[in-house]
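Here is the structure we will look at.
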Amino acid sequence: MGAPGMQIEDRLARFATTNILDDHARRIMRLSIFDWTVCALAGQTEPVAKILLRKGRFEGGLEQATVIGGTKLPAARAALINGAISHALDYDDTHFDHIGHTSVAVVPAALATAQAQGRTMAEFVDAALIGSEAAVRVGTWLGRDHYQVGFHQTATSGAFGAALASLRLMDAPRDRIVAGLGLATTRAAGLKSQFGTMGKPLNAGLAAEAGVEAALWAVAGLTSADHGLGGPLGFGATHHGHANAAALDGLGDEWRMKSVSYKYHACCHGLHAMLEALGSLQLDPAKVAQVQIATHPRWMSVCNKPAPQTGLEAKFSYAQTAAMTLAGVDTGAIQSFSDDIATHSVLTVLRQRVQVVEDDTLTEMQARVVVTMADGGERQAFQDLAAPVPVQELESKLRHKGRALVGADHADRLWGAVNGDSLSAYVDLLGAPDLIDRSESIDIARQTLDGFMS
């Protein structure tokens, strides 16, 4: 879409108003919205959620958009809180083209703006798809150095996707879309140094908020640099961006969101290939002498915390999650990532048997596991998260995940609403559901580990 020589801002502005013809891309977006919603509903009891909800309710304001739990707040505030809540469990989707969580930045912005503008479910879905695709493309345009040097792509490229989604829903003309992108460049921010703290989910919320506010400012007439992204002193040039023009090839015709990856383990997506590979071996931990994990070098600075002390830190640790898998602790259960489980003596012993090595022949979606057994034998496994998965299998897995997070009844009603035509019917389900009773399952991880010791 657009001549190859066009500036990135102009190409994105054209894309924001494109007529979407790909129904499969729309289908994937609805899956992402369902996944985003169940993660957000399950995340509302997390400390970061409680803090932001309490602050939002105290400040109040125009009742424009629904926050998870049922409170209504101004659109930008609702986007901020919903973005952070949905990323609180680190259980949401990831796109590996740029290593970013698209939904937690874009969907809250699109949802808040759709409500404030009185839009339909179909318009909300299309705007979320436009914004998510743009986030992936901008992230790819920025390139890997942007991420590797320490910027959090969910927060940075996500802010531009959030802005485009909101601008589309506001029917902004081309010049106002460019202005909105320019304004987003001076708000987009987020660092990987926040990983393992409440600052990480806050990054997602800040991106959603920045997108909504940039759109509101632009539509109101606020001016901005026309080339805030690609100019000599623009966001790309000042944030280690490579300005990879090929990232925009096929924009509007080819949808990279079709290859978004969903999580089935409640931790950093960089760990998932390893967890799938190690889990497939079905090992007796008493017979394991050493586990060697080979991963792409970029993950070494993201999820290689060797001795996590908290549940949040455990979500970014190869050694910890490998030890959990060996000990039979369910890494798909959010209650497994608690502070006390993180420092359980069984796991602190097992994780010392884990060695993590770099392998630049692997992609960021691949992992190889070599297990040396106590008798000297070896077991190996390999996993590639990029392997195609039929949409029916994705649907089945996500519905199972949703039922585990919010209960079968609420998950099934959400599934119907996400795939329906009424935005209000969907929004009505964002209030606090009768979440599944975890009183019996909350101690399963501890009981598993205590049993391991005996």
Side-chain angles (χ1 to χ4, degrees), residues 263-297 299-300 302-311 313-385 387 397 400-401 404 440-454:
K263 286 188 175 184
Y264 308 112
H265 304 274
C267 53
C268 179
H269 224 143
L271 304 171
H272 285 217
M274 177 275 292
L275 289 171
E276 292 290 323
L278 184 60
S280 71
L281 295 177
Q282 299 182 330
L283 300 166
D284 178 353
K287 298 179 180 179
V288 172
Q290 184 185 56
V291 177
Q292 184 183 83
I293 299 164
T295 186
H296 190 281
W299 290 121
M300 300 296 283
V302 178
C303 46
N304 192 32
K305 294 181 181 294
Q309 299 301 303
T310 68
E313 289 183 344
K315 291 173 179 281
F316 299 91
S317 173
Y318 279 108
Q320 182 78 9
T321 53
M324 292 166 71
T325 299
L326 289 174
V329 176
D330 183 7
T331 53
I334 58 177
Q335 62 267 27
S336 296
F337 292 89
S338 64
D339 291 353
D340 59 338
I341 294 301
T343 54
H344 196 286
S345 58
V346 167
L347 298 179
T348 60
V349 170
L350 286 176
R351 69 192 185 196
Q352 293 176 24
R353 304 179 193 175
V354 179
Q355 177 189 23
V356 186
V357 298
E358 301 179 12
D359 186 343
D360 59 11
T361 68
L362 298 173
T363 73
E364 290 152 336
M365 300 182 75
Q366 296 174 337
R368 182 177 296 105
V369 174
V370 179
V371 181
T372 303
M373 308 303 290
D375 62 5
E378 238 181 40
R379 301 282 301 280
Q380 296 190 26
F382 171 82
Q383 180 68 30
D384 186 354
L385 298 180
K397 286 185 174 181
H400 176 78
K401 174 180 173 180
E440 293 184 5
S441 61
I442 196 70
D443 290 329
I444 288 179
R446 176 173 288 282
Q447 291 169 5
T448 299
L449 293 171
D450 291 345
F452 182 89
M453 293 178 69
S454 61

Looking only at heavy atoms, which two atoms of [X] and [Y] are closest? And how far apart?
| X | Y | result |
| --- | --- | --- |
| Glu313 | Thr310 | N-OG1, 3.0 Å |
| Ala322 | Ile293 | CB-CD1, 4.1 Å |
| Gly311 | Asp339 | N-OD1, 2.8 Å |

Do [X] and [Y] come close enough that some side-chain heavy atom pair is under 4.5 Å?
| X | Y | value |
| --- | --- | --- |
| Met274 | Thr295 | no |
| His265 | Thr321 | no |
| His296 | Asp360 | no |
| Asp359 | Gln366 | no |
| Lys287 | Asp375 | no |
| Val371 | Leu278 | yes |
| Met324 | Phe337 | yes |

Side-chain ([X]) to main-chain ([Y]) donor-acceptor, under 3.5 angstrom:
| X | Y | result |
| --- | --- | --- |
| Ser317 | Ala314 | no |
| Arg368 | Leu362 | no |
| Gln320 | Phe316 | no |
| Trp299 | Leu271 | no |

Compile the donor-acceptor pairs under 3.5 Å between side chains in residues 376-383 and protein atoms, sequence neighbours left out, one pair per line.
from: Glu378; atom 1: OE1; to: Gln380; atom 2: NE2; distance (Å): 3.3
from: Arg379; atom 1: NH2; to: Leu281; atom 2: O; distance (Å): 3.1

Report the distance from atom [atom1] of [X] to atom [atom2] of [Y], rounding to the nearest 0.5 Å.
| X | Y | atom1 | atom2 | answer |
| --- | --- | --- | --- | --- |
| Lys263 | His269 | NZ | NE2 | 6.5 Å |
| Met300 | Glu358 | CE | CD | 5.0 Å |
| Thr325 | Asp330 | OG1 | CG | 9.0 Å |
| Leu350 | Ser345 | CG | OG | 9.5 Å |

> So Cys303 and Lys315, side chain to side chain contact (heavy atoms under 4.5 Å, CB included) or not? Walk me through it.
Replying inline: CA-CA 8 Å; Cys303 46; Lys315 291 173 179 281; over 6 Å; no
> Can His272 and Tyr264 be said to form a side chain to side chain contact (heavy atoms under 4.5 Å, CB included), step by step?
Replying inline: CA-CA 8 Å; His272 285 217; Tyr264 308 112; 5.5 Å; no
>> Walk me through whether Val291 and Gln355 qualify under side chain to side chain contact (heavy atoms under 4.5 Å, CB included).
In response: CA-CA 6 Å; Val291 177; Gln355 177 189 23; over 6 Å; no
